[in-house]
Amino acid sequence: MGSVVVITGSAGLIGSESVRHFAGLGMDVVGVDNDMRGYFFGADGSTKWNLERLTKEIGDRYTHHSLDIRDREGLDQLFAKLGKNIGLVIHAAAQPSHDWAAREPFTDFDVNAVGTINMLEATRRHAIEAPFIFTSTNKVYGDTPNSLPLVEQETRWELPEDHKWYGGIDETMSIDSSMHSVFGASKVAADVMVQEYGRYFDMPTSVFRGGTLTGPGHSAAELHGFLAYVMRCVMEGRLYKIYGYKGKMVRDAIHSHDLVSAFEAFFRAPRVAEIYNMGGGRFSNCSHIEAFAIAEEITGREARTEYVDENRMGDHQWWISGTGRFEEHFPDWKLTYDVPAILREMYEANQDVWKA
Ligand SMILES: NC(=O)c1ccc[n+]([C@@H]2O[C@H](COP(=O)([O-])OP(=O)(O)OC[C@H]3O[C@@H](n4cnc5c(N)ncnc54)[C@H](O)[C@@H]3O)[C@@H](O)[C@H]2O)c1
């Protein structure tokens with residue numbers, strides 16, 4: 001198998017971490033990213049800064065293509081050129097926000113769903129043996145997690161300890177009969193298609209259904225990037241609006257480094273048509289109230305928050321990923337960052353950027 005990794009969304013949070021990681025393993029990385037995040041979220045969201053940092057850091061091992069994953073022919077030509085040199089495909093380019101998707105449903109679907117089949121088909125035609133890793137989302141379960149019997153605690157909502165998913169929701173939760181949002185539905189389409197290319201064409205495809213993915217490579221914007229935006233607001237003295245659930249909604253958070261080390265585990269021992277719920281699990285999770293308390297402690301600054309009674313449509317009240325299936329398949333993989341470690345690293349990495 002080839003020594004080239006093709007990574008889409010290579011200037012984004014997960015893509016850039018993947019670029020660094022696999023270049024560090026001595027592989028040549030071909031990145032595809034057209035900075036569409038800047039179009040989605042404005043200047044705050046642009047990933048240009050991250051691309052500049054990457055190209056400086058990685059040098060010759062990294063080749064960038066400002067290609068749109070909706071450009072089917074462009075992708076096909078790129079894959080045809082690289083052919084069997086491709087040893088791994090990581091598809092992390094996406095329109096990642098619920099709220100944004102409702103503004104332009106066609107664009108959301110074209111990027112998330114059609115862009116994914118474009119990637120799958122280019123891989124099938126030119127590098128069928130290469131493991132294909134797709135970053136899906138826990139939003140494929142729609143709002144079904146909100147039917148869990150949650151109990152209100154002082155700083156968070158919580159499941160009773162004897163509930164089967166206390167340790168985290170696993171992949172047996174149904175993806176049917178729930179409200180997904182336009183974004184969730186376009187990701188479901190992509191997620192199922194990635195599984196299908198595995199089963200139908202016997203390709204080593206995998207779907208990683210992320211909870212909150214985070215890390216210092218996040219271009220924090222209000223509509224996407226929970227922990228990074230919390231830290232940014234506290235550091236800059238910006239007002240943060242908390243939408244619903246009394247500020248007690250629970251998210252698990254996985255650092256991009258820990259996610260990408262899971263990608264490496266899959267790359268080294270690929271399987272066909274796998275799905276994995278992937279997040280910080282019980283090891284790394286928090287509510288809004290808890291995240292702000294930690295951020296205040298780290299920065300020594302007081303957070304400015306405003307509470308809006310209505311939650312975002314379809315937003316999960318409680319999500320902790322059950323990562324048992326992945327751990328069973330890859331027992332050597334371990335989480336290394338919890339929420340305080342993630343926030344501290346963001347604080348340290350952005351001292352010169354996020355100023356009051
Ligand atoms: N960040 C999270 O909390 C989270 C949670 C669950 C799932 N995910 C999924 O993980 C993946 C990566 O997320 P991320 O946080 O790194 O996102 P990101 O927005 O930081 O990175 C995505 C990158 O893709 C690029 N891109 C977007 N549309 C493109 C197009 N049409 N052609 C080429 N490039 C394009 C963007 O410019 C951006 O640099 C996405 O599929 C997302 O849905 C993210």
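Both counts, for ligands and for their atoms, begin at 1 and track the order of listing.
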Going by heavy-atom distance to [atom], choose the closest among [options].
{"atom": "atom 34 (N) of ligand 1", "options": "Asn50, Asn34, Leu13", "answer": "Asn34"}
{"atom": "atom 8 (N) of ligand 1", "options": "Thr135, Leu213, Thr8", "answer": "Leu213"}
{"atom": "atom 42 (C) of ligand 1", "options": "Lys48, Lys187, Arg251, His65", "answer": "Lys187"}

Any N or O of [X] that comes nearer than 3.5 Å to an N or O of ligand 1?
{"X": "Ile69", "result": "yes"}
{"X": "Arg70", "result": "no"}
{"X": "Met36", "result": "yes"}
{"X": "Asp68", "result": "yes"}
{"X": "Ile14", "result": "yes"}

[X] heavy atoms, cut-off 4.0 Å: which ligand 1 atoms fall inside?
{"X": "Ser136", "answer": "6 (C), 7 (C), 8 (N), 9 (C)"}
{"X": "Leu67", "answer": "32 (N), 33 (C)"}
{"X": "Gly210", "answer": "6 (C)"}
{"X": "Thr47", "answer": "37 (O), 39 (O)"}
{"X": "Val111", "answer": "28 (N), 31 (N)"}
{"X": "Asp35", "answer": "37 (O)"}

Does [X] have its ring centroid less than 6.0 Å away from the ring centroid of [Y]?
{"X": "Phe208", "Y": "Phe263", "value": "yes"}
{"X": "Tyr337", "Y": "His255", "value": "yes"}
{"X": "His288", "Y": "Phe226", "value": "yes"}

Counting C-beta onward and ignoring hydrogens, is there a side-chain heavy-atom pair between Asp35 and Leu51 closer than 4.5 Å?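 Sidechains of Leu51 and Asp35: no contact.
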
Under a 4.5 Å cut-off applied to non-hydrogen side-chain atoms, are Ser206 and Phe326 in contact?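 No. Closest side-chain heavy atoms not under 4.5 Å.
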
Ion pair check, Asp108 and Lys187, cut-off under 4.0 Å: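 Looking at Asp108 and Lys187, the cut-off is not met.
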
Less than 4.0 Å between a side-chain N and a carboxylate O, is that true for Glu52 and Lys48? yes

How long is the straight-line distance from OH of Tyr276 back to CD of Glu327, given to the nearest 0.5 Å?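 Rounded to the nearest 0.5 Å, the CD-OH separation comes to 11.5 Å.
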
Mind checking whether [X] has a heavy atom under 4.0 Å from ligand 1?
{"X": "Ser256", "answer": "no"}
{"X": "Arg209", "answer": "no"}
{"X": "Gly115", "answer": "no"}
{"X": "Thr212", "answer": "yes"}
{"X": "Gly45", "answer": "no"}

As a test of understanding, state which of Asn112, Val194, Ile275, Val207 forms a side chain to side chain contact (heavy atoms under 4.5 Å, CB included) with Ser136.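 That would be Val207.
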
Partner of His91 under side chain to side chain donor-acceptor pair (under 3.5 Å), chosen from Thr123, Asn118, Thr8: Thr8

